[in-house]
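A quick write-up on the structure given underneath.
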Amino acid sequence: MTNVVMRVVRATKFAGVLALALAAAACANRPYDPQAGGSAPPGSQQDFVVNVGDRVFFESDSSELTSQSIATLEKQAQWLQIYNQYTFTIEGHADERGTREYNIALGARRAQTVRDYLASRGVQPQRMRTISYGKERPVAVCNDISCWSQNRRAVTVLSTSS
Amino acid sequence: MLGAGAAAGALAGLSPQRAAAVLKLDVTQGNVQPVPIAIPDFVGVGLQDPAGARNVSLIIASNLRRSGLFAPIDPAAYIEKISTIDTLPRFPDWRQINAQALVTGRITQSDGRLKAEFRLWDVFAGQQLRGEQYNTTADNWRRIAHIISDAIYERITGEKGYFDSRVVFVDESGPKERRIKRLALMDQDGANVRYLTRGDDLVLTPRFSSAADTITYMSYSQGDPKVYLMNIETGQREIVSNFPGMSFSPRFSPDGQRVIFSLQRGGNSNLFVMDLRSKATTRLTDTQVIDTAPSYSPDGTRISFESDRGGKQQIYIMAANGGEAQRISFGEGAYSTPVWSPRGDYIAFTKQTESKFAIGIMRADGSGERILTEGYHNEGPTWSPNGRVIMFFRDPGGDGGPMLYTVDVTGRNEQILKTPSYASDPAWSPLLQ
C-alpha cells in the first residue's frame with residue numbers, strides 16, 4: 001500500500017519536473033519578458049523558476065553547455081542583473097551512473113561551468129556560490145534514461161534571505 | 001576492547017604423539033574444497049547466560065561457513081557429546097561423520113570475567129593442531145568467538161584471519177530524492193550495529209585509520225562539504241582541510257599519520273595530503289581535470305588514484321610525494337575507486353562499461369585483471385584485513401537502495417551481508433588489537 005502511494009507521489013513530481021523542462025524548452029529562445037504574464041510576481045523566486053528556468057541539463061558524463069542550456073543561462077543572467085538583490089547557489093548534480101567520488105567532482109565541474117557562463121554575462125561573481133551533490137539528490141527516480149537525463153543538472157537556487 | 005585486560009596463552013597438547021599427515025587447506029588453488037569441520041557446543045561453566053557457550057560455537061561456525069573455506073557439519077549428525085575438553089575426543093566418532101577438523105571449547109565465567117579455551121583437532125591424524133586460552137571481560141564474548149575463528153582459520157589455511165574486525169558504512173533510509181544517510185559501525189558479520197551520526201547531515205565515504213579507532217569521511221554539515229575525522233570511541237570530530245572549495249574522497253596513510261583527499265577548486269579536483277600532527281598540507285597533483293579516489297600502497301610509498309586526464313576515468317599510480325603518474329588500466333570502459341590490498345598484491349576497482357558496473361582486481365602494474373562480479377550497479381570495494389575478501393555495495397537502481405556484499409578474490413562465494421536498512425560505502429577495519 002505504502003509503495004503504491006509513494007509511486008504516485010513520485011510520478012506526479014516527475015511529471016512536474018518534465019513540464020518545467022518542456023516549458024523551459026518552449027520559451028528557450030525568447031528573452032525574459034516581465035510582461036509575459038502568468039501568476040508569478042516579477043522578480044519573485046517563482047518568476048525565476050517559471051519564466052526563466054532555474055536549471056540546465058547536461059549530456060552523460062559531460063559538463064558542456066548545450067545550446068538550450070546557453071539560452072536558459074542567457075535569461076538567467078538577464079534576470080539576475082535586473083533583480084540584483086539576490087545572491088544564489090549553483091547546485092551541480094550527476095545521475096546515478098557513476099561512482100560516488102567521481103560524481104561529486106563532476107557535479108562541481110557542472111556548477112562551475114554555469115558559474116563561469118553567468119560571470120561572462122556580467123553577473124557579479126561574489127553573488128554566486130557553488131556546491132556539488134554528486135548523485136546524492138536525484139529529482140527523478142527510475143532506472144532508465146528518462147530519469148537520468150533529468151538528474152544531470154545544475155540548478156540556480158536563489159537565496160531566500162533577499 | 002580486549003586489549004588491556006586480555007591475556008592469551010597456549011593450552012598444552014593432549015595428543016601423545018605427532019602424526020605425519022597434518023590437515024592443511026591450500027587456498028592458493030583455484031577451486032578450494034571446503035574443509036568439513038565439527039564445532040560442537042562449547043562447555044559452559046558458571047555462565048550467567050546458559051546459552052552463552054553455545055552462542056560462541058554458533059558464531060564460529062557462521063564465520064567459517066561465510067568464508068567459503070569451511071563446511072560446518074550439522075550438529076544433528078554428531079555422535080560424541082563433548083562434555084569436557086580435558087580428555088581426547090573419540091576420533092572414530094568424528095571420522096564416521098567425515099569431520100576433518102573438530103573444535104572443542106569451554107567458557108568459564110567468574111565474576112565479570114570470562115575464560116575461553118579451545119582446542120582444534122585434526123580428526124584423521126588424531127592430534128591437536130592448536131590450543132589457546134583467553135581471559136577477558138564478559139561483554140567481549142562475541143570478540144572471543146571472532147578471535148577463536150581467526151585462530152582456526154589461520155591454523156588450517158596458513159593465512160591470517162579477518163573475523164575480529166569491523167566495518168564502517170553509510171546507513172541509508174527514506175526516499176531516494178531525500179535519502180537520509182548516517183555513519184554506522186558493525187562487526188564484520190553484521191552484528192553490533194551502532195550509529196555514529198544522527199542523519200542531520202549528508203555523510204559519505206567513511207574510511208578507517210590503521211588504528212581502527214578513528215575514521216575519516218566527507219560531510220555536508222556546514223558550508224562547503226569537507227573531509228572530517230571522528231574518533232569512534234569518543235565521538236569527537238575535527239575538520240581536516242579548511243581550505244576554500246570542497247574536499248572529498250579521503251583515506252588514511254597506512255601509518256595513520258596523514259589523510260589524503262581530493263580538493264575541488266573551480267571545475268578541477270586535485271589530490272592533497274595533510275599531516276595530521278603538523279597540519280601541513282601538500283599538493284600532490286596539479287591538473288585541470290578530476291583526480292580523485294586516492295589509496296596508499298600498504299608500505300606507504302605509492303598512491304593509486306583515478307583521473308580523467310586521458311578522457312575517461314582510468315587508474316594511475318604515482319609516488320607518495322607526487323610527481324609523474326603512470327596509467328595502469330587499459331581495458332575497455334572507465335576504471336575508478338582503486339583500493340590497494342593490505343597484502344599489496346592487488347588493487348581492487350570499480351569498472352564501468354555501458355551501464356554495467358563491475359568489481360575487479362588487477363596487479364599494481366596493471367596485469368592480471370580479473371572481474372569478480374558485475375551487473376547494475378556495483379561500486380566501492382574494500383578489502384578484508386587479510387586481503388582475501390572484498391566487500392562492496394550493489395544498488396539495483398530505481399526505487400530501491402544499496403546493500404552490502406562480499407566476494408572472495410577468486411570471484412567465488414558471493415554473499416549478501418544483512419544490514420538493518422539500505423547500506424553503502426563500506427570500509428573494512430584492520431584486525432582489532
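Just so we're on the same page: letters track the sequence lines, and every chain starts at 1.
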Exercise. Checking side chain to side chain contact (heavy atoms under 4.5 Å, CB included) for the pair A/T99/B/T292: CA distance, chi angles, key distance, verdict?
Worked result: CA-CA 11 Å; A/T99 51; B/T292 190; over 6 Å; no
Exercise. Should A/I104 and B/M218 count as side-chain neighbours, where that means a heavy-atom distance under 4.5 Å?
Worked result: yes
Exercise. If you count heavy-atom pairs under 4.5 Å with chain B, which of A/K135, A/R115, A/R110 comes out on top?
Worked result: A/K135
For this session: Decide yes or no on side chain to side chain contact (heavy atoms under 4.5 Å, CB included) for A/Q112 and B/R265, but give the supporting numbers first.
Result: CA-CA 9 Å; A/Q112 185 67 26; B/R265 279 191 191 138; over 6 Å; no
For this session: Return the option, out of A/A108, A/S60, A/S63, with the maximum number of heavy-atom pairs under 4.5 Å with chain B.
Result: A/A108
For this session: Hey, could you give me the CG/CG distance between B/D308 and A/L106, rounded to the nearest 0.5 Å?
Result: 8.5 Å
For this session: May I ask you to name which of B/A293, B/S269, B/G266 has the most heavy-atom pairs under 4.5 Å with chain A?
Result: B/G266
Exercise. Does a sphere of radius 6.0 Å around CD in A/Q81 hold more than 12 heavy atoms from other residues, nucleotides or ligands, not counting ones at 6.0 Å or beyond?
Worked result: yes
Exercise. Which bit of B/N268 comes within less than 4.5 Å of chain A, counting heavy atoms only: side chain, backbone, both or neither?
Worked result: neither
For this session: Report, as yes or no, whether the 6.0 Å neighbourhood of atom CD1 on B/I239 holds more than 12 heavy atoms from other residues, nucleotides or ligands.
Result: yes
Exercise. Side chain, backbone, both or neither: which part of B/I290 has a heavy atom under 4.5 Å from chain A?
Worked result: both
For this session: Flag yes if more than 12 heavy atoms outside A/Q126 fall under 6.0 Å of its CD atom; otherwise flag no.
Result: yes
For this session: Would you mind checking which part of A/S132 comes under 4.5 Å of any heavy atom in chain B, side chain (CB onward), backbone (N, CA, C, O), both or neither?
Result: both
For this session: Could you check A/Y102 against B/Q352 for side-chain hydrogen bond (donor to acceptor under 3.5 Å, both in side chains), going step by step and ending with a plain yes or no?
Result: CA-CA 12 Å; A/Y102 181 75; B/Q352 186 181 359; over 6 Å; no
Seminar exercise, completed: Rounded to the nearest 0.5 angstrom, the CD-CG distance for A/E136 and B/L202 is 5.0 Å
Exercise. Less than 4.0 Å between a side-chain N and a carboxylate O, is that true for B/D395 and A/R100?
Worked result: no
Exercise. Is it true that B/R207 and A/E101 make a salt bridge, defined as a side-chain N closer than 4.0 Å to a carboxylate O?
Worked result: yes
Problem set entry | Residue part contacting chain B, namely of A/R129, when any heavy atom lies under 4.5 Å | side chain
For this session: Mind listing the closest non-hydrogen atom pair of A/G98 and B/F357 along with its distance?
Result: N-CZ, 3.6 Å
Exercise. Side chain, backbone, both or neither: which part of B/F393 has a heavy atom under 4.5 Å from chain A?
Worked result: side chain
Problem set entry | Portion of A/I131 that has a non-hydrogen atom of chain B nearer than 4.5 angstrom | side chain
Exercise. Say you draw a straight line from CD of B/E177 to CG of A/N151; how long is it, rounded to the nearest 0.5 Å?
Worked result: 9.0 Å
